[in-house]
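Okay, structure first, notes after.
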Amino acid sequence: MTGLRQFRYVIAGSGFFGATIAERIATVLGAPVLVLERRHHLGGNSHSEIDPETGIEYHRYGSHLFHTSNAEVWSWIRRFSDFTHYRHRVLTRHKGRMYTMPINLMTLNRFFDLDLTPAQAAGFVGELTAREAVTQPRNLEEKAVSQIGRALYDAFIRGYTAKQWETDPRTLPAETIKRLPVRLNYNDFYFSDLYEGLPAAGYHAIFDRIFADRRITALCDCDFFDVRDQLNPEALIVYTGPIDRYFGYRCGELGWRTLDFEIERPPVADFQGAAVVNYPDPDVRWTRIHEFRHLHPERRYRNDVTLIMREYSRFAGRGDEPYYPIDTRADAGRYAEYARLAEAESRVIFGGRLGTYRYLDMHQAIAAALRTFETKIAPHAAQFAA
Ligand code: FAD
Ligand code: UDP
């Protein structure tokens, strides 16, 4: 490929981390930047597209809900799109009945067939959790039972977690479940951030706008490792692919879960009445079903068809897309070795979900990229100019 050598800034990966860095380099430094993307579309896992058969916008890698309490991130992203006022809710289907998720007073009262007030519920849950006698939760299971007790854990968490991770929940980090609040009131919002909404014209429109900057050259279907020897040896590289792959897996493979998505177009106006329904029971193989029309109630979609997506989880092999870092203790040890190698790598910055082996929401990936630009890339540019 000709011309690659002219770029002093090269980014491997066009997800939110790579896209944010590219935008900063182009607009703040005014410098040309090359973005290499292995897939045939830009935007990484946040990519969305319009389904040609139904006209419904769907998120190719599962529902992506934008939420943040970070004012800087909120203001950055709204430069590329208006946002709707959508607030996310999730239902969960256990033994043929629907419940609200995260677990709230509705879930509790329905599950135990009670009619408790918030104060009564606090006492009730206190009794359930006291039986578990967990004072310092060290893993996902201990964290969950210390918050909700064994019966709710068995119904709503154990089976879902078994499908999602296929890993003993006593070896999974407590942080994984900390993302889910437990509420003893009827608030059923999935997130509690200050700002929430969906891009009015879709995530693809955000990436179209970012990459429309003529100082950014973005190449799809282009793996960084295939063109690496054609790049300028002086270039500063921002690598957002899997860190273990970068180092040829020399410290061992990091554990990842991948997902299979199965799309169906049932000929009905509404399949499940909600954007996301979780399936915690072990006799159902999928973890959840997304129905994307519900993400945009403000749009006029067709009434004779809808689009749903079943999500299945499994261990990722080298040929699969890595989605969720499993992050067992062994993984954490291995990642620490890779992080040491990464530090010694001059001219390469590792970032994003895959490059830092961390589950990052979109707003966290953007925040991390803005910080990386300020602390590592802008100073590098100043030094270069001096
Ligand atoms: P990615 O989006 O993964 O982008 C990395 C890019 O690098 C990919 O496009 C990949 O193809 C490319 N790449 C890798 N290796 C190479 C290489 N060698 N050469 C060239 N390109 C390469 N976040 C939320 O805030 N809300 C949600 O509701 C939400 N839901 C999610 C649901 C699922 C199922 C998943 C998996 C994630 C979800 N996320 C959600 C997280 C969100 O996807 C991430 O925060 C975001 O994608 C992180 O951006 P990134 O740039 O770090 O990584
Ligand atoms: N979880 C669960 N039951 C649910 C939803 C979540 O057990 O109905 C657990 C599961 O272990 C999951 C974790 O909580 O991996 C975090 O859930 P979240 O919805 O944040 O996961 P994501 O949307 O990132 O897949």
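First listed ligand is number 1; within each ligand, the first listed atom is number 1.
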Report yes or no: is the cationic atom of [X] (NZ for Lys, CZ for Arg) closer than 6.0 Å to the six-membered ring centre of [Y], at no more than 45° off its axis?
| X | Y | answer |
| --- | --- | --- |
| Arg228 | Tyr246 | yes |
| Arg39 | Phe207 | no |
| Arg257 | Phe315 | yes |
| Arg318 | Tyr249 | yes |
| Arg209 | Phe80 | no |

Which atoms of ligand 2 have any heavy atom of Trp165 under 4.0 Å away?
11 (O), 15 (O)

Atoms of ligand 2 close to Arg288 [distance to a heavy atom under 4.0 angstrom, numbered from 1]
22 (P), 23 (O), 25 (O)

For [atom], what is the closest protein heavy atom, and at what distance to 0.1 Å?
| atom | answer |
| --- | --- |
| atom 8 (C) of ligand 1 | Glu37 OE1, 3.6 Å |
| atom 10 (C) of ligand 2 | Thr161 OG1, 3.5 Å |
| atom 22 (P) of ligand 2 | Tyr324 OH, 3.5 Å |
| atom 21 (O) of ligand 2 | Arg179 NH2, 4.1 Å |
| atom 6 (C) of ligand 2 | Leu180 CD1, 3.4 Å |
| atom 13 (C) of ligand 2 | Thr176 O, 3.5 Å |

Heavy-atom distances under 4.0 Å decide this one: backbone, side chain, both or neither, for [X] against ligand 2?
| X | value |
| --- | --- |
| Asn278 | side chain |
| Leu172 | neither |
| Phe156 | backbone |

Which of the atoms in ligand 1, numbered in the order shown and given with their element, are less than 4.0 Å from a heavy-atom of [X]?
| X | value |
| --- | --- |
| Cys222 | 20 (C) |
| Gly13 | 6 (C), 7 (O), 12 (C), 21 (N) |
| Gly352 | 52 (O) |
| Phe225 | 18 (N) |

Side-chain contact test, heavy atoms from C-beta onward, threshold under 4.5 Å: evaluate it for Met362 versus Ile77 and give yes or no.
no

For ligand 1, is there an N or O atom under 3.5 Å from any N or O atom of [X]?
| X | result |
| --- | --- |
| His67 | no |
| Glu321 | no |
| Leu65 | yes |

Residue-level breakdown please: for Leu36 versus ligand 1, do any non-hydrogen atoms fall below 4.0 Å on the side chain, on the backbone, on both, or on neither?
backbone

Side chain, backbone, both or neither: which applies to Ala19 and ligand 1 if a contact is any heavy-atom pair less than 4.0 Å apart?
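Near ligand 1, Ala19 shows nothing, with every heavy atom at 4.0 Å or more.
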
Quick check: does Tyr160 get an N/O under 3.5 Å from an N/O on ligand 2?
no

Is there any N or O on Met101 that sits under 3.5 Å from an N or O of ligand 2?
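By distance alone, the answer is no.
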
Any heavy atom of [X] sitting closer than 4.0 Å to ligand 1?
| X | value |
| --- | --- |
| His59 | no |
| Gly355 | no |
| Phe66 | no |
| Gly241 | yes |
| Tyr324 | yes |

Distance from Leu295 atom CG to Leu198 atom CG, nearest 0.5 Å?
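If I round to the nearest 0.5 Å, the distance is 5.5 Å.
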
